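Report on the following structure.
Source: prediction; values computed, not measured.
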Amino acid sequence: MQINPIILPSWLTSKCVFQQGVELKIEGVAAPSATITLEIVKDPTDGRKVSKLDTDYGVILSRETTTSAKGKFSFVIPPYKASGDAYTFTFKCLTDQTVMSDMRCGDVWVFLGSDFLSIPMKEANATKAPLKRKVMNYLRFFSPSRSGLEEGEEIYPAEDKTHFKDVEWIKVTETSKLADVSSSAFAFAYRLSDQISYPVGVVDLAYNDSTILNWISSGAMDSVEALKDAVTDMGLYLDEEGYKRLLEIDEKKKRTEKLKKEYRDTTDSGDIDISMQDELKRLQGEDPDDIKPLDIDFPTSGDSSLNASKGHKENISFSSASQLDFNMIPEKKVDDSRLSSEDERQFIKLKYRMSILYRTKLVPLKNLAVRGFCFSPDMGELLFDRYDLFLMGLMTTLADVFEPKAVFDESVMPSVLFVTMHPNDVDFNDPYRILEFNENFTAFTKMLSMPSGIVSMHDMLLPDKTISFILGMRLATVALGTHFSPKMSKSSPEPNDIEIAGNKRIIKFSNLNSGLNAQDATGEITGFAIAGEDRIFYPAHAKSLYGMCVMVWRDDIEEPQSITYGFSPFPHDATLKNGEDLPILPFRFDRDPAYFAPDLSFTHCDKLQFVGKRTPDSEFETLEIYRTFKGKGIISQDNIHKLTGSASLRIRYETDKSLYGFEPCLEYASLFAPIEIYGRSRIQLSVFNPDQKKKKLIVEDFGEAEIKQQLTWQTITLDYSEDGPIRLNSLRIYIEDKERNGEIYIDAINFI
């Protein structure tokens with residue numbers, strides 16, 4: 001007797017969340033030319049009694065249809081309202097029956113892309129906040145294999161995968177499975193459900209070792225011709241034949257690696273397999289006949305090849321052949337990945353292979369109705385010029401896979417929320433490229449007809465296992481503003497208007513809602529820079545006005561031409577947020593050529609530490625801004641005795657041969673020394689001499705000046721001794737004091 005099980009979409013399982021407010025299209029396969037029925041039962045989960053006359057509960061839908069000659073069928077389920085009630089779907093065809101229970105109607109979101117969205121719960125720490133039992137019961141997650149390769153699979157196939165293997169929706173009570181769910185997805189779903197009070201399901205697809213190219217379908221690639229041309233020019237376009245050729249190269253690489261290991265093992269044991277050596281050479285694109293083997297003679301004579309290979313000048317003899325050192329046999333060094341030049345030319349790393357995650361992770365989700373998407377890029381995408389074309393390809397792909405496709409009610413139109421690239425992805429060879437990438441990313445969101453928003457992470461630099469949770473909550477805030485509350489932010493804030501007041505500029509922002517959150521109690525805001533007609537940017541003063549806008553100025557620039565905020569590869573001082581914890585997006589007012597402000601945070605004299613990178617490959621860490629290099633000293637902040645900003649440097653010192661020396665630490669990789677300061681030829685320091693002793697200030701490469709014996713702040717100006725722009729690999733500052741001990745205050749270092 002032939003058995004024809006009912007095959008349903010992978011996303012339709014027990015415990016699933018299906019999208020409220022839109023039709024649900026279910027396509028499947030069962031016995032050919034047979035009648036198949038669908039019955040939907042709805043039950044309250046709060047334990048209340050329901051009247052038999054209440055049509056909202058019990059059997060709420062019965063449908064039947066006839067399968068095609070190939071067994072295909074489809075049902076269209078009408079829109080249902082979101083609730084915590086339980087649904088049961090029962091499919092019957094001949095003697096076969098499939099029952100899916102404990103289902104919920106709510107909002108479905110898809111997480112895809114790379115980076116922080118893919119960090120699992122077991123590798124992250126949640127923020128310290130009590131979790132509500134009711135909300136936890138509303139959360140469901142669908143999390144296929146991260147890589148897209150399931151158990152028993154070793155390669156990404158050239159064909160579309162139609163179904164996942166044994167993947168079901170996960171409830172929070174299933175803790176072992178929940179450990180592999182994206183921590184960002186969990187935080188997102190929790191915050192969202194807590195606010196809207198109904199179920200939220202997240203399809204958790206993000207994979208850390210992926211690029212946008214992996215997610216774009218070949219159909220979308222062909223439909224966006226400019227994208228296809230760009231990908232072809234990069235040598236990354238793959239048709240079916242090209243991909244099969246790649247799989248052959250993969251197999252050859254695996255065989256090469258395996259043979260190399262076996263060959264190494266045999267030579268170590270003294271058992272040489274010549275045929276294995278020949279095969280290895282062939283796999284590496286070499287002709288075995290081109291390399292002559294070393295003649296091995298018995299090592300008793302002085303001119304033996306063994307003696308020659310060991311470099312002995314005197315004759316040696318051995319009592320037996322067991323003394324042969326087979327490690328001396330010359331062999332060509334083999335790179336594990338080295339194949340023929342043609343193979344190497346055609347080889348493409350997995351993260352740059354077109355459509356492999358589309359085929360393995362998106363196709364099985366065909367017809368899944370969703371509320372929206374969250375996408376995060378990978379640093380490898382910095383290589384892609386015209387990134388807007390890649391985003392168009394991704395949007396085309398998502399529109400083809402997911403429902404609803406035809407939207408007549410804007411309230412159910414899916415949205416897409418993007419995450420900017422993190423500063424940890426900076427390319428030190430082209431550090432401003434990441435800023436341009438994020439600019440283009442932000443500009444693309446404004447071109448979309450569907451609701452969209454963007455969230456920045458530039459303010460979260462230090463390694464912290466809570467970052468992915470915070471990101472999830474920020475995305476949830478934007479999702480709430482986009483779909484549910486006009487009073488909440490729809491994106492990270494951006495400038496949207498400017499007023500002129502003399503030499504000051506007053507900037508207004510979108511998506512402020514509850515206002516600006518300036519962390520500095522003095523109201524002084526860092527991260528802004530301003531340029532005059534020379535197009536040279538310098539750090540600017542900035543203050544919050546009434547918590548709704550920011551006034552920016554610089555005393556020595558009378559006619560500001562442009563302003564930037566956080567426009568630095570490592571914007572550690574750009575910490576301005578709105579009241580919903582969404583950081584202001586870094587920006588520049590124009591893209592005209594300019595010299596952008598280097599990191600001159602040491603000139604403010606109001607902090608002793610900053611967040612940066614010691615080396616290009618190191619993690620972000622808290623680094624010292626200043627250090628003593630001659631004599632002994634204690635450098636501290638003084639928040640009361642200051643001239644500008646929030647503090648000054650108070651230095652208590654002990655001289656060495658009448659000199660005390662300190663300097664800002666400029667060797668950190670994130671400062672990009674030498675620091676070049678264009679359009680300036682002098683340094684200016686404000687000094688206070690509390691013990692009124694006779695002292696001298698000496699600044700290396702700038703000169704020296706007497707420090708007056710007076711109890712007031714004094715400004716000392718010194719000329720740069722070299723021609724051209726000021727160029728700093730270091731900035732050594734000395735205090736000359738004939739007394740052994742002393743004290744000095746320094747504030748407001750400026751280049752003028």
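Among residue pairs with one or both ends in residues 360-379, those qualifying as salt bridge (charged side-chain N to carboxylate O under 4.0 Å, His left out) are Asp107-Arg371, Lys351-Asp378, Lys366-Asp400; sequence neighbours excluded.
In terms of heavy atoms, Glu580 sits closest to Asn513 at OE1-ND2, 3.8 Å. Across every non-hydrogen atom of His163 and Ser10, the tightest pair is CA-OG, 3.1 Å. Contact detail for Pro404 and Val22: the closest heavy-atom pair is CG-CG1, 4.1 Å. Taking all atoms of both residues into account, the shortest heavy-atom contact from Leu417 to Leu475 is CD1-O, 3.6 Å. Smallest separation of non-hydrogen atoms from Leu365 and Val203: CD1-CG1, 3.8 Å. Annotation for Phe509 and Pro495: closest pair CD2-N, 3.6 Å, computed over non-hydrogen atoms.
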Problem - Derivation of the side chain to side chain contact (heavy atoms under 4.5 Å, CB included) call for Leu576 and Val550 - result: CA-CA 10 Å; Leu576 188 61; Val550 175; 3.9 Å; yes
Practice task
Just do the side chain to side chain contact (heavy atoms under 4.5 Å, CB included) check on Ser492 and Asn511 with the steps written out, would you?
Solution key: CA-CA 7 Å; Ser492 278; Asn511 292 303; over 6 Å; no
Practice task
Apply the test side chain to side chain contact (heavy atoms under 4.5 Å, CB included) to residues Ile470 and Asp581: give CA-CA distance (whole Å), side-chain angles for both, the deciding distance (0.1 Å), then the verdict.
Solution key: CA-CA 9 Å; Ile470 295 172; Asp581 194 47; 4.1 Å; yes
Practice task
Just do the side chain to side chain contact (heavy atoms under 4.5 Å, CB included) check on Phe570 and Val611 with the steps written out, would you?
Solution key: CA-CA 9 Å; Phe570 303 105; Val611 177; over 6 Å; no
Problem - Candidate pair Arg614 and Glu621, rule salt bridge (charged side-chain N to carboxylate O under 4.0 Å, His left out), full reasoning - result: CA-CA 8 Å; Arg614 197 176 295 273; Glu621 58 182 303; 3.2 Å; yes
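The number of heavy-atom neighbours closer than 6.0 Å to CE of Met488, taken from other residues, nucleotides and ligands shown, is above 12. Atom CG of Asp233 has more than 12 neighbouring heavy atoms from other residues, nucleotides or ligands inside a 6.0 Å radius.
A donor-acceptor pair is defined here as one N or O able to donate and one able to accept, closer than 3.5 Å; such a pair exists between the side chain of Glu153 and the backbone of Glu150. Without hydrogens or angle criteria, Ser491 side chain to Ile454 main chain gives a donor-acceptor distance under 3.5 Å. Checked by atom type and distance alone, the side chain of Ser489 never pairs as donor or acceptor with a backbone atom of Val478 at under 3.5 Å. Of the possible polar contacts, none joining the Glu403 side chain to the Leu368 backbone as a donor-acceptor pair under 3.5 Å is found. Proximity of a side-chain donor or acceptor of Tyr358 to a complementary backbone N or O of Asp160 within less than 3.5 Å is not detected. Looking at Ser670, its side chain does come within 3.5 Å of a backbone N or O of Lys613 through a donor-acceptor pair.
Aromatic ring centres of Phe567 and Tyr565: separated by at least 6.0 Å. Taking the six-membered ring for Trp and the full ring otherwise, the centers of Phe373 and Trp109 sit at least 6.0 Å from each other. Ring centroid separation for the pair Phe142 and Trp169 comes in under the 6.0 Å cut-off.
Atom OG of Ser218 is separated from atom CG of Asp239 by 9.5 Å, given to the nearest 0.5 angstrom. In this structure, OG in Ser411 is found 10.0 Å from NE2 in His483, a value given to the nearest 0.5 Å. The OH atom of Tyr138 lies 11.0 Å from the CG atom of Asp194; values are rounded to the nearest 0.5 Å. Atom CG in Leu350 sits 5.0 Å away from atom CD1 in Ile356 (nearest 0.5 Å). Here Met421 contributes atom CE and Leu435 contributes atom CG; the two are 11.0 Å apart, rounded to the nearest 0.5 Å. The CZ atom of Phe141 sits 13.0 Å away from atom NZ of Lys171, with the distance rounded to the nearest 0.5 Å.
Ion pairing of Lys15 with Glu174 is present here, as a side-chain N (NZ or NE/NH1/NH2) and a carboxylate O approach within less than 4.0 Å.
Cation-pi contact between Arg591 and Phe596: absent, since separation from the ring centre below 6.0 Å together with deviation from the ring axis within 45° is not met. Geometric assessment of Arg359 against the ring of Tyr243 yields a positive cation-pi assignment under the 6.0 Å and 45° thresholds.
Looking only at atom types and distance, the side chain of Asp617 has no donor-acceptor partner in the side chain of Thr615 under 3.5 Å away. Counting only N and O atoms by type, the side chains of His458 and Asn438 include no donor and acceptor under 3.5 Å apart. Looking at Asp222 and Tyr237, their side chains do bring a donor and an acceptor atom within 3.5 Å of each other. Between the side chains of Glu168 and Thr13, not a single donor N or O lies within less than 3.5 Å of an accepting N or O.
Using a 30° and 60° split on the angle between ring planes, Phe116 and His422 fall in the tilted class, from 30° to 60°. The aromatic rings of Phe375 and Phe441 lie perpendicular to each other, with more than 60° between the two planes, well past the 30° mark. Using a 30° and 60° split on the angle between ring planes, Phe610 and Tyr668 fall in the tilted class, from 30° to 60°. Below 30°, between 30° and 60°, or above 60°: for Phe428 and Phe672 the angle between ring planes is between 30° and 60°, a tilted geometry.
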Could you pull out all donor-acceptor pairs under 3.5 Å where a side-chain atom in residues 443-450 meets a protein atom, sequence neighbours excluded?
unit_1 : atom_1 : unit_2 : atom_2 : d
Thr445 : OG1    : Thr442 : O      : 2.5
Lys446 : NZ     : Glu494 : OE1    : 2.8
Lys446 : NZ     : Glu494 : OE2    : 3.0

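Under the ring pair (Phe, Tyr, Trp, His ring centres under 6.0 Å) criterion, Tyr352 pairs with no residue at all, not counting sequence neighbours.
Tested against Phe384 for a side-chain contact (heavy atoms from CB on, under 4.5 Å), the candidates Leu236, Leu389, Val231 yield a single pass: Leu236.
Within the 4.5 Å cutoff, no side-chain heavy atoms of Leu383 are placed close to those of Arg433. The side-chain heavy atoms of Leu461 and His572, taken from C-beta on, include a pair separated by under 4.5 Å.
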